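FYI, side chains are in, hydrogens and waters are out, and symmetry mates aren't considered; it's all heavy atoms of this structure. On a predicted model such as this, the values are computed, not experimentally measured, just so you know. Reminder, nothing fancy here: chain letters follow the sequence lines and each chain counts from 1.
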Amino acid sequence: MPELPEVETVARRIEKDVVGKTIVSADVRWARTLATPSVKKFKEQIKGQKIKAVSRRAKYIHILLENYNLLIHLRMSGDLLLRTGKIKPEKHDRLILDLKMPNSGISQLAFNDTRKFGKVWLTNQPEKFLGKLGPEPLEKDFTPQWLYENLRKRKRQIKPLLLDQTFLAGVGNIYADESLHIAKIHPQALSNVVTLKQAEALHEAIVSVLKEGIRRNGASIDWVYRGGEYQNYFRVYDREDEACMVCGTKIKKIIVGQRGTHFCPKCQKVERK
DNA sequence: CTGGCTCCCTGAATGC
DNA sequence: TGCATTCAGGGAGCCA
């Protein structure tokens, strides 16, 4: 499921091929994919807009246009696909943008999303939707000290807190489980009793796991999101009853904050202080 | 402030 | 074999 590394991979993949092109028309194939504005306004506003840049913020893909910002959230099963020429839509295409260069033919940017959880925003106030997000884990302002202080400020189970996008941006279920295992912290440990040493270990684990995910083009789970390799390197995620790579104990799966959670009961003990 | 629950969806897995 | 049911999962919204 697209988390920071998968979204980064998708953004980098399309960037070269769309920057500089002009959106000549939009085919909205599933109206509820548009968070804002209405289908009618979306089509009017996006028509003729030139694509200036593609970047990522948290799990959003940010496509900068001349007068607007196109924000795309892939949620569970979304993907962006680039096609050359006039090709008929594929199953699960929810939005198709026809792109054109001055001296070349049509190409298409398709938002394909099996489960229809994904959302697209067209806005001139991107900060309205991105402003409440926490820091980027791969940027300079995410430091061990910041993590320590902010974990201590809250009193929550640590895993749901890592998944909270207003706390830290971009971490999802897979990378949270992987990070906590590397840092040897129980997913239900309370954030306010984490030690500086643990926070430092967690910081390093989050950064390394996200970088490794990006290096392997993300993780492909089941039939959702294709092309990544990171699923071959999972330590705990999707490894229930398999041996922990550190101590050999069977990995356990429990529900934490309504999310499937994988951890090693020996390496990741609950802290009681 | 926190946590729990529901909703949005489809396709794979499971049940009979 | 085939039909019906169950379930995962990111994030918003609601409630306690």
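Side-chain atoms of A:S25 and A:D98 include a donor-acceptor pair closer than 3.5 Å. Side chains of A:N69 and A:H62: a donor on one and an acceptor on the other come within 3.5 Å. In the model, A:Y175 has a side-chain atom that pairs as donor or acceptor with a side-chain atom of A:E6 under 3.5 Å. Using modelled atom types, one finds no donor on one side chain facing an acceptor on the other under 3.5 Å when comparing A:K91 with A:N112.
Residue A:R156 contributes atom CZ, which lies 10 Å from atom C1' of B:dC1 at whole-angstrom precision. Here the P atom of nucleotide B:dC8 and the CG atom of A:D113 are 16 Å apart, to the nearest Å. Between A:K119 atom NZ and B:dC7 atom P there is a gap of 16 Å when expressed in whole angstrom units. Rounded to a whole Å, the CZ atom of A:R152 is 18 Å from the C1' atom of B:dC1. Rounded to an integer number of Å, the gap from CG of A:L161 to C1' of B:dC1 is 12 Å. Rounded to an integer number of Å, the gap from A:D164 CG to B:dT2 C1' is 11 Å. With rounding to whole Å, A:K116 atom NZ is found 9 Å from B:dT10 atom C1'. Remark: P of B:dG4 and NZ of A:K159 are 14 Å apart, rounded to the nearest angstrom.
Residue A:R32 places no side-chain N or O under 4.0 Å from the OP1 or OP2 atom of B:dC8. An OP1 or OP2 oxygen of B:dC9 is reached within less than 4.0 angstrom by no side-chain nitrogen or oxygen of A:H92.
Between A:E212 and A:R235 there is a salt bridge, since at least one side-chain N of the basic residue sits less than 4.0 Å from a carboxylate O of the acidic one.
A:K91 comes within 4.0 angstrom of sugar-phosphate atoms only, judged by non-hydrogen atoms across all strands, and of no base.
Here the two rings, on A:F117 and A:W30, have centers that are 6.0 Å apart or farther.
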Indicate for each nucleotide in nucleotides 7-12 of chain C, in 5' to 3' sequence, whether protein heavy atoms under 4.0 Å reach the base (B), only the sugar-phosphate (S), or nothing (-).
-BBBB-
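Between atom CD1 of residue A:I106 and atom CZ of residue A:R83 there is a gap of 14.0 Å, rounded to the nearest 0.5 Å.
Of the two residues contacting DNA chain B, namely A:R94 and A:S191, the nearest-nucleotide position lying further toward the 5' end is that of A:S191.
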